[in-house]
Each structure stands twice: as structure tokens, then as C-alpha cells.
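Right, one structure below, let's go through it.
Quick caveat, the model's predicted, so the values are computed rather than measured.
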Amino acid sequence: MANSRDQRCVEMAEKITARGVDYSQWYIDIVLNAKLADYSPVKGSMVIRPRGYAIWEKIRDEFDRRFKETGHENAYFPLLIPMSFLEKEAEHVEGFAPELAVVTHGGGEKLEEPYCIRPTSETIIWSMYRNWIQSWRDLPLLINQWANVVRWEKRTRLFLRTSEFLWQEGHTAHETEKEAREETMRMLEVYRDVVERHLAVPVVPGMKSESEKFAGAVETYSIEAMMQDKKALQAGTSHFLGQNFARAFDVQFQNRQGELEYVWATSWGVSTRLIGALIMTHSDDKGLILPPTLSPEDAVIIPIYRNDTKAAVTAYAEKLQAGLKAAGFKVVLDADDASSPGWKFAEWEMRGTPVRIEIGPRDMQSNQVVMVRRDTGEKLFVPVGEVPTRLKELQSLIQSSLFARAKAFRDENTVPITDLGGLIEFFGVETAGTSGAKGGFAEALWCGSAECEASLKEKTKATLRCLPLGRQEHVEGKCAICGAPARHLAIFARNY
RNA sequence: CGGGACGUAGCCUAGGGGCUAAGGCGUCUGCUUUGGGAGCAGAAGAUCGGAGGUUCAAAUCCUCUCGUCCCGACCA
């Protein structure tokens, strides 16, 4: 990375590679320079640094609140899972076996049965549900777990795909198929709402095709986001598991008619990958751009002074900071003497702080401050008494305009396409390093066959991202790939 | 796991068998500065990714290994 990057970085001061030069490198530069995460001594694993973790905490807290609102409780299950548990569900083990980390020794001795480190917790959770569920009165069982999981990925990328990551996994058990299906959709909607409202990332909710669904699920739903290079990123999934895990772990209950029946299940998850989505949706060549709801600080105050004005400006800035704190804002005062205002501007832009407040002698004289929006760079001259009100306004303005900008970008790059030639043309040829010149979301009719998916993937590297909800009725026409009668409207895209 | 590019101080690079491993950025100290990445002076910081080998002599050559990025394959 060092050398290729150096060639691209003409100016020494330039810490972040431009998106247009190398999108992948731009992303890495943002993560490292905004101090969100760092590479670790452990292959494929990263360290989430305090700033990255603070963002995760905000995301986590909002989801946690919403899960509890919808009746779920948190619990914690073991990290280590007996290998035999995975093997109980045939599709499940087949799907996860290649990426398992396995513990063979403990306490200096070889274990009788190896454990795997959880790649997901369906199996250990359902082994417990078996003991906890006897009657329809025990249902629904609505449990969520915040945890780390390990999947031995061949190729890792900061936040987007690491061997170990943090996530949340909901595991619910229900009396009826209908209830379980409702739960699946309820949580998908919670995901959509939080991701769009708080991350300001617009998403398309939809159903996965057979070849893309979760190993062990009957149906998988996801929310799909478009990054600035026009690739898709799966931002959350919700699975209807049918009775698959209940059968595998023999979890039966006595229903209202007194008959034994297998329990209906769902599972759903979002991970620290969302931070990757956040970065790639909003940020620019100056660095990170954070939506106000997720920024660790609401604003930064940068005092500008000479020696003779230092004391007065500092006092003015401190007073403003105290006032904002009293109004409920978290505002950082960057009083560091050693660096110049210009440095600080660039530094806080790199970190993604939504609003910068500049205070200099001229502002003091006219009893105002300069407020600068991170997302647009727009400068506003604001009377000092109005700062709390204006900050509040700016926050909601920035939040909504980030969402609007991302949505407009996605919509511009979402194109209906009717035939294979059109799809090939749309996805074009992906050139190394600068992917993103072509492509986007292609909306095309699809016959439902895995062969068509595979064939398109081979020709364009695009996969079926989802069958968008609410658009599957009245599908008429021909499959864009094979020409057979279409059964679905699908979104195809290259993805992360 | 295959192909490619790499690994020298916190970061970026120079040095490609020979004396004490060189420079820039950053860091630290002091002074001067401060409205878009400040200046001067001084200081600290490297067993050259690791192991083995060849050699009188290895950052440099050879073998192995670990790691990072890119492209594939793989990937709820």
C-alpha cells in the first residue's frame, strides 16, 4: 500500500487519497486518519479505536432501545460452541464450516470434542431453547445478544469484513408461522428505520434469492445500501428460519390444541459493518462526515487569537462552550496552542465533526461566531446568543440533507434494464483500483432461476442483491437474462 | 487459497555486499506565531518484519516464514 499510495499522493500534506484516484485507498485512509480503527497484530482482525467505538456505541444504543421497545430482552450465550451443535443443521454447517475457527486444546490438554468460536449463535441458543420451551405459554421468546463473532474470512477489509466483529443477533421463537414471519418483517423494518434515520443511509429492503440466503433459513431479508462507488453493501439481515432449527434441536411445544409442534423461529443481525456503510455513504476527500446523531461531539470550537487577544478569545470561547453544555450539547474546545487554526480546521474535518464554530477577535467585536457545516462547507455568521438554537437547527438540517444527498445519488444510479445486453453495458468493465466508474443498482425482471444469477455474475460480477419489497406484485414481462417469463423484479449490483 | 505490489524510527522514502543506516514529515523542549495544514533553535526516536543460510563482511544475496494492500477465488 505504501508505495502505490505514495505515487498517488502528490502533496505531502495530503493524508487522504482522493476517491477518484483510488476508492479503496480513500476508504482505508479515512478509517486510519479519522482514528476509527487500526490494524492489529492479529491477521484479519482490527482494533476499534475510541472514536470508532464511540460511534458504535451510539448505533448500538439506538438499536438496543428499539429492540427493547419491541419486546426483546438481552442475554448472553457462550463464545465457544461444541462442533457437534453446528452439525445438527445440515445447511447451516455446510454454510459456516469453511470459515470456522476451532479450539482443540484447553487447560493444556486436547479436548474430547473441539469447540468452534461462534460464527453466529443459532445452535447454542436453540440448544437452550429446547429446555426453556414446553408450552405455547412460553412463547414468544424474544432474546437478543450483543456479542463478538469470528468468521475466518479469506479477504478482510476494515469494518466491512474482519475475522472478528461485533454485532447483535436476535433469536426469537414463536407459536405460529404467521407470528414468526411478522417478527422477521418487524425487525427488518426496525433496521430500515434506524439505518435511514440515524445513519442517514438510505436502504432498499427486500428478500434474498435462494442462492444468497442465510445457511439454515427458509427466507432471508436484507436492507441494501449503495456506496459512493455504486457498489451495494448489505447493511442488515432478518431471517425467517421456519422450523429448521427447532427440528435440528428438537424444540417442541404443546400448542393450544394440546398437540406437540415444532417452534417457529427468526434471527436477525447488524454489525460493526454499519460503520463501513456510514463512511462510504457520506464522507468526502477531506475525510469523514458523520451524521449529527452519531457524532461523538456535536461541534468543535476553534479559537483564533494572537498573543494579545488570546485571553479574551479563550474566555469568550469557554463561555460559549459552557452555554452549549448547559443546553445539552457536547462541544469540544480545541484550545491546543501548538497547532494553527488551519491545521485544526483540516483535522476536525478529517474526524467528521458535523459543525465547526470559529471564534476570533473580529467575531468577538461583532458579538458573533462563524458556524461551518462539515457536509457542505457553508459558513454562517451567527449572533452568539443564537448559537444553541442554530446548532440544533443545523443538526437536523445536516442529518436530513445527508440522507437526501445519499438517496439522490442512489436513485440517480438505479436504472431499470430489460435485457442482458443492457445489463452488460450498465455494469461495464471494472477497472482495477478505480471501480465505480460504471454500475449501480440495475432493476431487472428475473425468472427466478439460479442459473440466470450465476450467468450474470460471470459476465458482470453483479449479483442479485434483493427482490425489493412491495414491488413483486403484478410482475409481467421477460427475464432480462434468459428471456423466460419473469416472476420477480430484482436489483442486481456489484457488492461488498 | 492463487496472481501482483510491498515491508528500513509513529508516517513517507533513500541506500541493492564494505566505515557510525541517510533524509523529509510527525513527536518532544524552548521562544516567536495563529481567520485554511506557521517559523527558528535544540532533542529524542531503527537490533532495516521475523528465522535460518551464503560470506572476512548482509538492510543489501539465497531459502523459509509472518504481515499489509490490490486483483481473483471464497464469503448469512
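- Between Pro296(A) and Arg351(A) the shortest side-chain heavy-atom distance does not fall below 4.5 Å.
- The gap from the P atom of G49(B) to that of G16(B) amounts to 15 Å, rounded to the nearest Å.
- Across all strands shown, nothing is found opposite U34(B) as a Watson-Crick or G-U wobble partner with both distances under 3.5 Å.
- Checking C75(B), C70(B), U34(B) against every side-chain atom of Arg157(A), the shortest atom distance belongs to C70(B).
- For C1(B), the paired base is G72(B) (Watson-Crick or G-U wobble, both distances below 3.5 Å).
- Applying the 3.5 Å distance criterion, the base of G36(B) shares a donor-acceptor pair with the side chain of Arg356(A).
- Contact annotation: side chain of Glu358(A) to base of G36(B), donor-acceptor pair absent below 3.5 Å.
- Classification of the His488(A)-Trp446(A) ring pair by plane angle, with boundaries at 30° and 60°, yields tilted.
- Applying the 4.0 Å criterion to OP1 and OP2 of U34(B), one finds that Ser340(A) has every side-chain N and O outside that range.
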Passes salt bridge (charged side-chain N to carboxylate O under 4.0 Å, His left out), Arg51(A) versus Glu297(A)? Steps please. CA-CA 10 Å; Arg51(A) 191 166 183 80; Glu297(A) 61 286 324; 2.7 Å; yes
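- Base pairing analysis places C28(B) opposite G42(B); the two distances defining the Watson-Crick or G-U wobble pair are each below 3.5 Å.
- Look at the P atom in both C69(B) and U13(B): the space between them is 16 Å, to the nearest Å.
- Closest to the side chain of Ser24(A), out of C70(B), C1(B), U33(B), is C70(B).
- Across the strands present, A58(B) finds no partner; the criterion is a Watson-Crick or G-U wobble pair with both atom distances under 3.5 angstrom.
- The side chain of Asn307(A) lies closest to U33(B), out of U33(B), G37(B), C75(B).
- For Glu153(A), counting side-chain heavy atoms from C-beta on, the closest listed nucleotide (C70(B), G37(B), C75(B)) is C75(B).
- Only the P atoms considered, G39(B) is 13 Å distant from U34(B), to the nearest whole Å.
- Which of U34(B), G36(B), C75(B) sits closest to the side chain of Lys379(A) comes down to G36(B).
- Across the C1' atoms, U8(B) and C40(B) are found 30 Å apart, a figure rounded to whole Å.
- For a distance-only test at 3.5 Å, the side chain of Arg155(A) fails to qualify as a donor-acceptor partner of the base of C75(B).
- Using atom C1' as the reference point in both G24(B) and G67(B), the two lie 26 Å apart (nearest Å).
- Contact check, Arg362(A) against G35(B): no side-chain N or O comes under 4.0 Å of OP1 or OP2.
- Closest to the side chain of Ile28(A), out of C70(B), G37(B), C74(B), is C70(B).
- G35(B) atom C1' lies 5 Å from atom CD1 of Ile304(A), rounded to whole Å.
- Residue contacts shown for Glu347(A) include a base, since a base heavy atom lies under 4.0 Å away.
- Look at CG on Asn495(A): it is 12 Å from P on C74(B), rounded to the nearest Å.
- Ser267(A) comes within 4.0 angstrom of no nucleic acid atom, judged by non-hydrogen atoms across all strands.
- A cation-pi arrangement is present between Lys88(A) and Phe85(A), with the terminal nitrogen or guanidinium carbon under 6.0 Å from the aromatic centre and inside a 45° cone about the axis.
- Atoms CG (Leu160(A)) and C1' (C70(B)) sit 15 Å apart, rounded to a whole Å.
- Within the 4.0 angstrom heavy-atom criterion, only backbone atoms of the sugar-phosphate kind lie near Ala215(A); the bases stay farther away.
- Using the six-membered ring where Trp is involved, Phe245(A) and Phe249(A) have ring planes that are parallel, under 30° apart on the 30 and 60° scheme.
- Geometrically, Arg356(A) engages Phe345(A) in a cation-pi contact, judged by NZ or CZ lying under 6.0 Å from the ring centre and within 45° of the ring axis.
- With a cut-off of 3.5 Å on both pairing distances, the Watson-Crick or G-U wobble partner of A22(B) is U13(B).
- The same atom, C1', is picked in G10(B) and in G45(B); the two are 9 Å apart, to the nearest Å.
- Ring centers of Trp167(A) and Phe63(A): at least 6.0 Å apart, outside the cut-off.
- Residue Phe165(A) is classed as a base contact, given a heavy-atom separation below 4.0 Å to a base.
- Within 4.0 Å (heavy atoms only), Pro303(A) reaches no atom of the nucleic acid at all.
- Here the C1' atom of nucleotide G36(B) and the CD1 atom of Ile302(A) are 10 Å apart, to the nearest Å.
- Within 4.0 Å of Lys344(A), counting heavy atoms only, lies no atom of the nucleic acid at all.
- A straight line from CD of Gln234(A) to P of C75(B) spans 14 Å, rounded to a whole angstrom.
- Atom CG of Asn33(A) is separated from atom P of G26(B) by 14 Å (rounded to the nearest Å).
- Going from atom CD of Gln25(A) over to atom C1' of U68(B) covers 11 Å, rounded to whole Å.
- Within the 6.0 Å centre-distance limit, the rings of Trp268(A) and His72(A) are counted as a close aromatic pair.
- The NZ atom of Lys457(A) sits 11 Å away from the C1' atom of G72(B) (whole-angstrom rounding).
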